[in-house]
There are 2 protein chains.
Amino acid sequence: MNETASKTDLILDAALPVFVRFGFRKTTMADIARAAKISRASLYLCFNSKEELFRAGSKREHLSTMNNVKAALDRSGSIFDRITAAIRAFQEGLITPFGGGHNAEELFAASTELAPDIALEARARLLDLLIKALSEAEKTREIDLATLQTQPTELAALVVAAMDGIKHTRGAGPEFEGGIRLFMALLKLGTAPQLGQAGP
Amino acid sequence: MNETASKTDLILDAALPVFVRFGFRKTTMADIARAAKISRASLYLCFNSKEELFRAGSKREHLSTMNNVKAALDRSGSIFDRITAAIRAFQEGLITPFGGGHNAEELFAASTELAPDIALEARARLLDLLIKALSEAEKTREIDLATLQTQPTELAALVVAAMDGIKHTRGAGPEFEGGIRLFMALLKLGTAPQLGQAGP
DNA sequence: AGACGATTAGACATTTTTGATCCATATGTC
DNA sequence: GACATATGGATCAAAAATGTCTAATCGTCT
């Protein structure tokens, strides 16, 4: 099979916990090589720099997370439950693994500084998936956007913004869950289809 | 009160978890200063070097642990229970805090390399306390060393050696507890007073 | 055995970080 | 004001990290 991909994956598997434990700055290529049980020289055969390695890891993590997000939206259930699950997957995939603590901030900073494109692309894709889900829900009359005089694109942006705001102000634990639940309840009320308004 | 002592204690309080988390090598004076919420310059007003700071922390930790060991031996109960508790206190005080993992080894190495006198003195004191406890137990006829044809000093040395060996071969978790329990049972049998042999 | 690619240890120059010191400037305290 | 103490920043030597390179080693294949 593709040996290079498998090799880099093994390295990234070993590197992730090291980055999580020590942060980007305190993690050395020697640390990663030791964790991956290869030599430092071999590390540079797969990745040309520490930054490139980190970017690859960040990309893989984002891809994996976005797959979970998409799966959550594709499952059955109400549009609200699916969006809630998608948001939870997004948060757990990109925040929780960096176990809340001293390193979380430093790692997040490194991510947005060294690989801003990856993080931004993931956000764009999340927005896109939400727009698609909301559009379909509107077509099937599960939700009604006429009351709010809005569109799927605008509403999806609000959802993402709310997610960000809730995460920022509150912590990342059960408080975040509560905030999301409240917001989703609000969304449900605002988009409830008006019975007997379907047509003439 | 003694302001310098209190100040250094505050610094050591802040430094210990940093050392535990990152190990000696990866911990910088800037890290410690940040954790203690003082400036690097102030740090050097209390400790002349990183090594001196580490030694002070190690010494304080050893003192605290040895107090617990002494307390365990001074409590009531059989000599075997008290020795078992003392050994457990010794292990938990100097090993467990360095949460089992990557840093434990590095920290232990730093301790025996940067402050070998402190560790050795603690061991000597442990031996001394055990000798005293065994001597008193012999006086009160709780144990009988005649069967083994030995003395408190020799027996205490064996206890320490066994503790070391068990810790070294087995891990530090419940396996250590089992090993100690077995050894103490052996010790109990070997030192059981011979009934009706007290004297003419 | 010999050839081959992959992997490695190790030396290396360069850049970055850290340890440690110093000073000029706050920040209170008497 | 006089005094002690804390701080940020400049500074310099020492240590460590990055990234490159070469020679040696290893395993595999024929």
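The sequence lines fix the lettering, A, B, ..., with proteins before strands; numbering per chain opens at 1.
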Please check: side-chain N/O of A/Lys50 versus main-chain N/O of A/Thr27, any donor-acceptor pairing under 3.5 Å? yes
When you measure from the side-chain N and O atoms of B/Ser39 to the phosphate of D/dA6, is any distance below 4.0 Å, counting only OP1 and OP2? no
Salt-bridge test for A/Arg60 and A/Asp9: reply yes if a basic N is under 4.0 Å from a carboxylate O, no otherwise. yes
May I ask you to decide whether B/Asp117 forms a salt bridge with B/Arg55, counting only side-chain N to carboxylate O separations under 4.0 Å? yes
dist A/Ser135:OG -> A/Ile79:CD1 (nearest 0.5 Å) comes out at 9.5 Å
Nearest-nucleotide pick for B/Tyr44, side chain only, options being D/dA16, C/dG19, D/dC21: C/dG19
Looking at D/dG19, D/dA6, C/dA20, which one has an atom nearest to any side-chain atom of B/Lys7? D/dA6
When rounded to whole Å, the CD to P distance for the pair B/Glu106 and D/dA16 reads 11 Å
Between the side chains of A/Asp164 and A/Lys167, is the shortest nitrogen-to-carboxylate-oxygen separation below 4.0 Å, so that they form an ion pair? yes
Between A/Lys26 and A/Asp31, is there a side-chain N and carboxylate O pair less than 4.0 Å apart? no
Angle between the two end axes of the helix from C/dA1-D/dT30 to C/dC30-D/dG1, five base pairs per end, rounded to 10 degrees? 40°
Donor-acceptor pair present, A/Arg40 side chain and D/dG19 base, under 3.5 Å: yes
If you round to the nearest 0.5 Å, how far is CD1 of A/Ile131 from CG of A/Leu155? 10.0 Å
With the side chain of A/Thr28 defined as its heavy atoms from C-beta on, choose the nearest nucleotide among C/dG10, D/dA17, C/dG19. D/dA17
Non-hydrogen side-chain atoms of A/Arg125 and A/Lys70 separated by less than 4.5 Å: yes
Can you find a heavy atom in the side chain of A/Thr147 that is under 4.5 Å from one in the side chain of A/Thr191? no
From CZ of B/Phe22 across to P of C/dT18 the rounded distance in Å is 11 Å
Whole angstroms only, please: what is the CZ-P distance between A/Arg25 and C/dT17? 6 Å
Take the protein atom CE of A/Met29 and the nucleotide atom P of C/dT15, then report the distance between them rounded to whole Å. 18 Å
Rounded to whole Å, the CZ-P distance (B/Phe24 to D/dA15) equals 13 Å
Is any side-chain heavy atom of A/Phe19 less than 4.5 Å from a side-chain heavy atom of A/Leu12? no
Close N or O pairs between protein and nucleotides 26-30 of chain C (under 3.5 Å):
none

For B/Asp31 and C/dT18, what is the distance between atoms CG and P respectively, to the nearest whole Å? 7 Å
Please determine, for the side chain of A/Ala41, which listed nucleotide (D/dG19, C/dA20, C/dG10) has the closest atom? C/dG10
Starting the side chain at C-beta, find the nucleotide from C/dT7, D/dT18, D/dG8 nearest to A/Leu45. C/dT7
Distance, rounded to the nearest Å, where B/Asn48 contributes CG and C/dA20 contributes P: 9 Å
I need the CD1-C1' distance between B/Ile38 and D/dT5, as an integer number of Å. 12 Å
